[in-house]
Every structure is written in C-alpha cells, then in structure tokens.
There are 2 protein chains.
Amino acid sequence: MKLDVFCLGILLQQNYSGYEIHRVINTALAHLRQASFGALYPALNRLQAKGFISSEAVPAEISNGSLGKKVFAITDKGRAHFKTEIKKITAAEMVNSDFLSALHFSNNLTSNEVSTLIDERLADLQKEQRRLLKLPSTDISEGQRFAIRYTLSQVSAAISFLKGEGKAIQLLIQRQR
Amino acid sequence: MKLDVFCLGILLQQNYSGYEIHRVINTALAHLRQASFGALYPALNRLQAKGFISSEAVPAEISNGSLGKKVFAITDKGRAHFKTEIKKITAAEMVNSDFLSALHFSNNLTSNEVSTLIDERLADLQKEQRRLLKLPSTDISEGQRFAIRYTLSQVSAAISFLKGEGKAIQLLIQRQR
DNA sequence: TTAGGCATGTAAGGCGTTACATGATTAA
DNA sequence: TTAATCATGTAACGCCTTACATGCCTAA
C-alpha cells in the first residue's frame with residue numbers, strides 16, 4: 001500500500017498535520033508500516049497538488065506551543081480516490097528479515113553473536129508486544145482491532161519460539177564447530 | 001541484508017549461475033527474501049568487479065541443455081568480505097503488510113471484499129506452509145533449520161488465527177454497517 | 001507449434017531512507 | 001543551557017521492481 005493512499009486513510013478519520021501523521025504511523029500504526037519525514041512531506045504535497053487533501057495553516061497562538069503548523073483535511077475527491085485504491089489491494093505480506101538471514105548463514109558467526117541476535121530479536125518482540133497491548137481496544141473499528149490481534153498472535157508465537165527453541169539452538173550451534 | 005552479501009552467502013556453499021541463484025532464493029530461501037533478475041544480475045556483476053566472486057563460462061555441451069551459462073564461485077576475498085559483513089547485521093525484521101493495512105481501513109470495504117482478502121491470505125499462508133514442510137531437514141545447518149522452523153511457527157500461528165478469528169470478523173464487519 | 005523453462009542482461013522508474021538545513025518552544 | 005519535542009522541508013542516494021530485449025532447447 002502506497003504511502004499516499006495510507007495517508008488518505010489516516011486523514012479519513014481525523015485531520016492531522018504532517019508531523020502528527022508521522023507520529024500516528026510510527027507509534028499507533030507501527031504494525032502496519034513505517035514512514036520517515038523524507039517520504040511523508042513530499043507525499044502530502046503530492047496529495048494536495050492532486051486535490052485529494054486541503055491544508056489550513058494554524059498559527060502559533062492557537063496550536064499549543066508549535067509554529068507554522070499545517071493541518072490537512074481529506075477532500076471529497078480524496079475520499080473517492082481512497083475508496084477506489086483500497087479495492088485494488090491484495091492480501092500480500094512481505095517479510096524482510098535480517099534476523100533470519102543472519103541465522104541462515106550462522107556458520108559464519110560465533111555462538112556469542114548468535115545469542116546476541118536472538119536476545120536482540122526477543123527484546124524487539126517484547127517491546128512490540130507491550131506497544132500493541134497498550135493500544136486502545138475500544139473506540140476503534142473491528143478491522144483495526146483485527147489487525148492488532150493478528151499482529152499480537154504473530155508476536156506471541158515468535159516470542160514463544162525464541163524462548164523455547166531459540167535457547168536450544170545456541171548450544172547446538174556451539175556443538176557444531 | 002543487502003542482496004550482494006546474500007549472494008555471497010549462497011555461493012559460500014556451492015557454485016551457481018545467476019539463473020540458479022535466482023531459483024534458489026525464490027524457492028528454497030523464499031522465507032528469507034526475494035530477488036528479481038533485474039536486481040540479481042547487476043549485483044553479481046558488481047561482486048565480480050570487486051573481486052569477491054569469479055566466473056567461468058560453461059558451454060552448451062557440458063551444461064545440460066542450456067547455453068552460455070556463467071557459473072560463479074566465491075573468492076577468498078569474497079569469503080573475507082562476507083564474514084565481516086554478516087557481523088554487522090542486526091536482528092531487525094521488517095513486515096510490510098498490505099493485508100493488514102487493508103483490514104485496518106476495512107470500513108471502506110464490503111464484507112465480501114474482506115472475506116476475499118482473508119481467504120487469499122489464508123491460501124498464501126497454506127502454500128507457504130507446504131513449501132516449508134517440503135524443504136529438506138537433513139543436510140542443512142542448524143541455523144538453516146532454525147530459520148525454517150521459526151517461519152513455520154509464524155505461518156502456523158497466522159493460519160490458526162485466520163481460521164478462528166478471521167472467520168468471525170467477517171460477520172462482525174457485516175453487522176457494523 | 002507453441003508454451004514453458006533456461007539463460008543473461010539493460011533501462012526506466014518507484015518508493016523509500018538518511019542526512020542535511022532551519023528554527024521555535026519548553027522543561028530539566 | 002542544553003536536550004527534547006514540535007515543525008517543515010530538500011537532496012542525495014540506495015535498493016529494488018517491472019518491463020523490455022534476445023535467443024536457445026525441450027516436451028506436449
């Protein structure tokens with residue numbers, strides 16, 4: 001799902017500034033995708049150029065403590081565009097795992113390095129689990145709840161696996177050399 | 001993990017042509033990453049230019065039924081490079097899920113479209129599960145076995161979830177409108 | 001004879017990251 | 001006063017995909 005379309009989806013629920021969208025994506029929606037400022041601001045400007053969103057400058061006095069904030073709102077044209085774009089989406093899921101690649105080639109690592117990788121992954125997973133558990137479960141749609149639960153089940157399975165077989169592999173890899 | 005380094009890792013075990021590496025990655029190693037020809041061939045040429053791999057042309061008579069095949073072998077320099085590169089790898093894992101993004105925004109989909117997405121994802125997962133189960137479990141390293149088992153546990157968890165909660169959500173989303 | 005696998009490669013373009021550039025406000 | 005947060009943006013570059021270009025061999 002392109003960042004442009006994803007932003008439209010976010011603006012469908014509420015008006016946001018670019019900075020706020022960045023925060024929403026990288027905190028509340030981190031299980032769906034990530035987005036850097038360098039990708040986000042040009043995306044929003046493209047959307048505005050196409051008439052899918054409109055912006056309103058909010059001066060410093062009104063927005064508490066910030067300056068030159070630009071709040072975006074989705075237009076009718078944007079709403080229509082989003083509805084046609086989301087229908088094109090397939091059920092694809094792309095995993096790019098440096099973790100697994102490293103383990104696949106772990107012959108070239110010391111058992112210490114393997115242990116560190118597993119511990120690191122475990123820590124990341126537990127952090128993600130805490131984040132997901134803290135998310136609100138009310139006032140969100142069934143689909144949003146579903147995405148959170150699905151990710152939680154994936155994260156939980158990964159944690160269980162690493163706590164079980166992950167600990168065992170360190171010894172096996174050690175013995176192999 | 002960059003494709004260049006990944007290819008070195010593959011050539012560490014055995015000599016391959018570009019075409020063969022493409023097949024290995026997209027079938028046996030599909031749980032780690034993907035690679036298109038457009039990315040692969042330039043990567044191999046870069047590696048050769050840097051002296052990390054060497055190539056030998058195999059004429060049509062020897063290679064059964066193919067023509068102008070170019071078989072690559074890793075050099076000592078390449079082996080050294082791989083060992084330093086793999087140590088730099090972190091336990092990062094990036095999931096980019098169109099499936100979850102679509103479900104997050106499923107307010108804008110009909111219950112039929114949601115059902116189709118879930119069924120599609122389920123079919124993909126089951127296909128991936130069959131692929132993983134068919135992979136050899138002997139004659140591979142502990143690390144390789146680990147990567148397969150880890151992915152299998154993730155795939156199994158996703159299938160269980162979709163078969164359970166996935167079926168339930170279709171009714172809930174229907175009721176919501 | 002035609003579809004599919006084997007085989008190598010280029011070109012254009014998409015989509016993103018990191019780093020840079022700037023500057024105000026606020027809390028420790 | 002210094003670090004953090006708020007706030008917007010550009011430039012360079014990385015890494016990949018899709019589509020194109022070519023051609024041979026094999027089995028249905």
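Proteins get letters first, then strands, A, B, ... in listed order; numbering begins at 1 in each.
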Ionic contact status for A/R79 with A/D76, cut-off 4.0 Å: yes
Earlier contact from the 5' end, DNA chain C, for A/Q34 and B/S17: B/S17
From C/dT10, C/dT8, D/dT8, nucleotide with atom closest to A/F37 side chain: D/dT8
A/K2/A/E85 ion pair, N-O < 4.0 Å: no
Sugar-phosphate only, base, or nothing, as touched by A/G18 at under 4.0 Å among non-hydrogen atoms: sugar-phosphate
Nucleotide nearest A/S36 (side chain, heavy atoms from C-beta), chosen from C/dT18, C/dT8, D/dC16: C/dT18
Between A/F6 and A/F82, ring centroids under 6.0 Å: no
Separation of atom CE in A/M1 from atom P in C/dG16, rounded to whole Å: 11 Å
Any A/Y19 side-chain nitrogen or oxygen under 4.0 Å from OP1 or OP2 of D/dC6: yes
Touch class at under 4.0 angstrom, heavy-atom based, for B/R33 against every strand present: sugar-phosphate
Shortest side-chain distance from B/Y41, nucleotide among D/dT18, C/dT10, D/dA7: C/dT10
Whole angstrom value for the distance that separates C1' of D/dC16 from CD1 of B/I25: 13 Å
D/dG9 phosphate, OP1 or OP2, under 4.0 Å from A/K70 side-chain N/O: yes
Aromatic plane relationship, A/Y41 with A/F37 - under 30° parallel, 30 to 60° tilted, over 60° perpendicular: parallel
Length of the line joining A/N96:CG and D/dT17:C1', which is rounded to integer Å: 14 Å
d(CG, A/L44; C1', D/dT8) in whole Å: 11 Å
Basic-acidic side-chain contact under 4.0 Å: A/D98, B/K88: no
Spacing of B/Y16 atom OH relative to C/dT8 atom P, expressed in whole Å: 14 Å
For atom CE of B/M94 and atom P of D/dG14, their distance in whole Å: 17 Å
Side chain of B/K69 (C-beta onward), nearest among C/dT8, D/dC16, D/dA7: C/dT8
Nearest-angstrom distance from the residue atom CZ of A/R46 to C1' of D/dT8: 16 Å
Of the listed nucleotides C/dA7, D/dC6, C/dT17, the one nearest the side chain of A/R23: D/dC6
Minimum-distance nucleotide to A/E20 side chain [options: C/dT8, D/dG9, D/dA7]: D/dA7
Nearest-angstrom distance from the residue atom NE2 of A/H22 to P of D/dT5: 13 Å
